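Notes follow the structure.
Within every chain, numbering begins at 1; the chains are lettered A, B, ... in the order of the sequence lines, protein sequences first and strands thereafter. Every value quoted in this text rests on a predicted model; they were computed, and no experiment measured them.
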Amino acid sequence: MNYYTAKNNQRINLSDIPTIDFETFKAQLEMTNLRPIGFFGADWGENIRLFAFLVDDEEGEIFISSALLDKNAKEYPSITKENHQYHIFEREFYEQFGIKPVGHPWLKPLRLNQDKHEFFEMEGEEIHQVAVGPIHAGVIEPGHFRFMCQGEKVYNLEIMLGYQHRGVEDLMVKKPSNQLAESICGDSVIAYNTAYSQVMEALSDTKVSIKAKLIRAIALEMERIAIHIGDMGAILGDIAYLMGKEVYAVTRTLVINTMLEISGSRFGRGLITFGGVNFDIDDELSEKILSVLSEVKATVEKMTKAALQSSSVMSRLEKTGVVSKETAQELNLVGLIARSCGIEIDSRFDFKDEFYQDFEKKKFSATNDAYSRFKIRYKEVIESISFVKKLLKKLEVVKDDEILVEKNDLISNSLAISIVEGWRGEVVHIALTDENGKLRRYKIKDPSFNNWWGLSMALRGNGISDFPLCNKGFDLSYAGFDL
Amino acid sequence: MINNILIIVLNILFLLIMPFFMVGLIKKTKAFFGGRKGISIFQPFYDFVKLLKKGQVISSSTSWIFKIAPLVIFSSVIFAGLFAPIFYGKAIIELECAFVVFSYLLGFSKFFAIISALDTGSSFEGMGSSREACFTTLIEPAFFIILASIAVLTGNSTFNSISMILTSTGAFGLLITIMMVAAIFIMLLVECSRVPVDDPETHLELTMIHEVMILDNSGFDLALITYASGIKMAILSAIIVNLILPSALNGALFAVLFIALTLLLAIIIGIIESMMARIRMSHVFEFVFIMSSIALVIASLVAVRMFGV
């Protein structure tokens with residue numbers, strides 16, 4: 001095994017990462033049961049350097065390896081054939097560099113020129129296709145869904161995205177900024193901005209104060225609380241359970257309004273910056289946050305109890321859109337959805353975040369269905385509220401810290417990776433610098449990158465009218481995927 | 001055959017005005033339970049006027065069927081309303097076996113709604129049509145069984161015989177009445193696409209039944225269709241209220257109670273919509289089967305009583 005072993009938020013010299021011949025590289029990836037979180041190419045003079053980032057969730061270690069491919073190569077043998085976890089990564093690589101993975105089972109571009117490619121089709125007299133989107137009835141992002149149905153039953157769902165492709169990764173290389181980072185995916189502002197800032201800080205060896213880190217962590221948990229509560233309301237709204245929809249919507253507003261008081265933006269825009277944070281949390285604000293959160297906790301507990309006692313709600317949620325643990329593992333699902341399928345991965349704990357080590361996390365008894373996806377949100381809201389309380393206590397100790405430090409220049413020929421557990425799951429940012437200390441490649445992986453395929457699988461064998469309910473349970477990002 | 005002027009006027013007013021207030025009241029009730037102030041109770045009327053004034057967009061893939069369907073739907077529902085017992089248990093036109101005409105007029109409107117939806121060629125509308133047709137096929141026989149049993153029981157085959165059951169047959173009549181109210185209430189929820197069968201508020205095409213069939217209609221046509229579905233709700237509510245309210249009550253008292261009970265029914269529908277989630281699509285059949293079962297029980301009870309079998 002030829003890897004460089006790294007930790008989260010660590011700067012690595014590019015020369016330390018082994019470059020091995022492609023055959024060995026491929027064999028390594030096929031054999032291992034480590035989870036890929038990055039697989040992408042970068043222009044490397046005459047060649048393309050193909051990087052692979054694997055993680056060991058139990059040890060909290062990241063394994064990095066690379067191989068060179070000739071820039072003029074037309075094709076290479078696909079890894080997906082042996083290890084299905086690479087299917088999206090290879091499609092993305094094919095789209096970005098035009099080198100074809102031979103033997104890939106469903107090779108079409110991921111984000112561009114989708115119109116020119118056929119959908120998976122079923123044949124039969126009673127089979128009908130239902131095409132939904134890319135423009136939808138609600139105020140949501142664009143995406144196309146193609147269902148193959150017999151009557152009400154869905155046999156296959158193919159999801160086509162890319163309508164919001166803005167070339168974010170290239171923009172990041174040209175002009176990296178916090179404003180850009182927090183605009184990539186509007187519902188994960190804190191997670192994206194934290195990941196970006198941590199990558200830049202690792203690359204420039206900037207040491208951020210404990211206080212700034214604590215404020216980031218608090219903001220991240222607040223984001224989780226707000227979006228989870230909003231999603232719980234949306235799930236109940238989709239099954240026409242009006243009371244739940246309204247109560248959760250009101251409660252979510254309390255949380256985002258508190259965020260407004262912290263940073264001047266309800267979604268925390270402008271709070272986090274390369275070098276620290278822009279806004280302090282003083283004692284008064286800290287009191288305010290605590291009192292709002294205890295009110296939120298009481299309401300959420302009461303409402304969830306009422307909703308889950310309603311037999312009509314339970315009959316809709318239970319056994320709808322089941323994704324088995326095996327499927328989830330095979331597809332490399334991450335974050336919230338993985339946890340709702342019984343895979344206990346959470347990068348806050350797995351990568352030994354300094355603040356979370358003494359926090360307690362209960363085990364979740366997953367049922368893999370829509371109920372599980374609702375219940376895990378409830379569990380995480382309650383846990384996050386207690387985390388915020390503890391983080392605020394830690395904040396008192398470092399009251400006199402600076403919140404913003406001087407930032408250093410980026411160090412040349414380096415690589416850094418940052419994994420942040422946003423509300424949806426791991427947000428991965430990887431940046432590489434060139435010999436002049438400028439960014440040469442920036443790679444982002446949203447949890448939706450993995451999880452859209454979970455949604456496809458959740459629909460199989462379910463009624464087509466259950467799609468909105470499953471979709472809300474996953475609540476994936478279009479912008480975060482399209483980049 | 002044609003009743004006196006007062007009943008004609010009252011019934012027509014009821015058919016034309018009540019739909020707006022019922023829909024408005026349902027929305028108000030839902031807003032109340034959701035902790036919101038809610039829209040004005042007159043909003044459905046304002047919406048109707050607004051739609052009448054708006055222009056239309058008609059898909060180029062549709063034929064003449066799509067264009068005439070809204071008028072056919074509206075006029076057949078109004079026509080059905082002429083045969084339905086409203087004030088004092090009396091219909092505007094009374095015929096022997098009027099309920100057959102009534103059912104087929106409603107069926108006719110539904111038939112046109114379905115072929116008009118299919119005419120658009122949209123996969124959504126096809127899906128909605130198949131759902132709507134499915135549920136109607138189950139509702140219709142149950143409705144016939146119920147009304148035929150009543151005709152046998154009261155020995156009177158006009159539609160207004162339903163208001164006689166409670167007064168004419170004592171405890172047995174009470175039992176039949178309760179069952180009929182339950183059955184026709186289920187019919188109302190299905191026919192008027194209310195929760196738990198359908199969700200009139202949703203924007204999710206894949207989950208819709210009735211709403212998805214009218215996705216392509218706009219402006220004047222949409223106004224007629226929504227109005228027609230409101231009128232259908234008012235008619236079915238009138239039938240339910242007539243089952244409960246003894247027709248022996250005199251004059252103004254009956255009229256006031258009648259309107260109050262109809263509005264109460266709207267509030268009850270609003271409460272159900274606030275407290276309950278929708279049933280999974282595949283389980284709606286089971287919900288409709290409740291009505292069929294009740295119909296069969298009514299038929300057997302009547303048969304035992306009348307013929308002693």
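Atom CD of A:E246 is separated from atom NZ of B:K30 by 9.5 Å, given to the nearest 0.5 angstrom. Here the straight-line distance linking atom CD1 of A:I464 with atom OG of B:S123 works out to 8.0 Å at 0.5 Å rounding. Once rounded to the nearest 0.5 Å, the distance linking CD of A:E152 with CE of B:M281 reads 5.5 Å.
For A:A131, the part lying near chain B is the backbone, with the side chain staying farther off; criterion is any non-hydrogen pair under 4.5 Å. Using a 4.5 Å cut-off between heavy atoms, B:M275 contacts chain A through both its backbone and its side chain. Contact of B:E205 with chain A is made through the side chain alone, with heavy-atom distances under 4.5 Å. Proximity to chain B (any heavy atom under 4.5 Å) is shown, for A:T320, by both the backbone and the side chain. The part of B:I279 that comes within reach of chain A is its backbone (N, CA, C, O), which places non-hydrogen atoms under 4.5 angstrom from that chain.
Between the side chain of B:R280 and the backbone N or O of A:S315 there is at least one donor-acceptor pair closer than 3.5 Å. Between the side chain of A:S312 and the main chain of B:A277, a donor-acceptor pair closer than 3.5 Å is present.
A pairwise comparison of heavy atoms in B:V195 and A:A240 identifies CG2-CB, 4.1 Å as the closest pair.
More than 12 heavy atoms of other residues, nucleotides or ligands sit less than 6.0 Å from atom CZ of B:F48. Within a 6.0 Å radius of CZ in A:R266, other residues, nucleotides and ligands contribute 12 heavy atoms or fewer. With a 6.0 Å radius and a threshold of 12 heavy atoms from other residues, nucleotides or ligands, A:K302 has its NZ atom at or below the threshold. Around NZ of A:K245, the count of heavy atoms belonging to other residues, nucleotides or ligands within 6.0 Å does not exceed 12. The neighbour count for B:F32 CZ, taken as heavy atoms of other residues, nucleotides or ligands under 6.0 Å away, does not exceed 12. Counting non-hydrogen atoms of other residues, nucleotides and ligands closer than 6.0 Å to CH2 of A:W106 gives a total above 12. Within a 6.0 Å sphere centred on NZ of A:K288, heavy atoms belonging to other residues, nucleotides or ligands number 12 at most. Applying the 6.0 Å contact sphere to NZ of A:K153 captures no more than 12 heavy atoms from other residues, nucleotides or ligands.
Between A:S465 and B:M127 the shortest side-chain heavy-atom distance does not fall below 4.5 Å. Within the 4.5 Å cutoff, the side chain of A:L242 has no heavy atoms near those of the B:F33 side chain. Between A:M243 and B:S274 there is no side-chain heavy-atom pair separated by less than 4.5 Å. Within the 4.5 Å cutoff, the side chain of A:H136 has no heavy atoms near those of the B:H203 side chain.
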Using side chain to side chain contact (heavy atoms under 4.5 Å, CB included), reason through B:T207 and A:D238 one step at a time and then give a plain yes or no. CA-CA 9 Å; B:T207 69; A:D238 274 9; over 6 Å; no
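Checked against B:L206 for a side-chain contact (heavy atoms from CB on, under 4.5 Å), the options A:L469, A:V132, A:N471, A:V154 give a single hit: A:V132.
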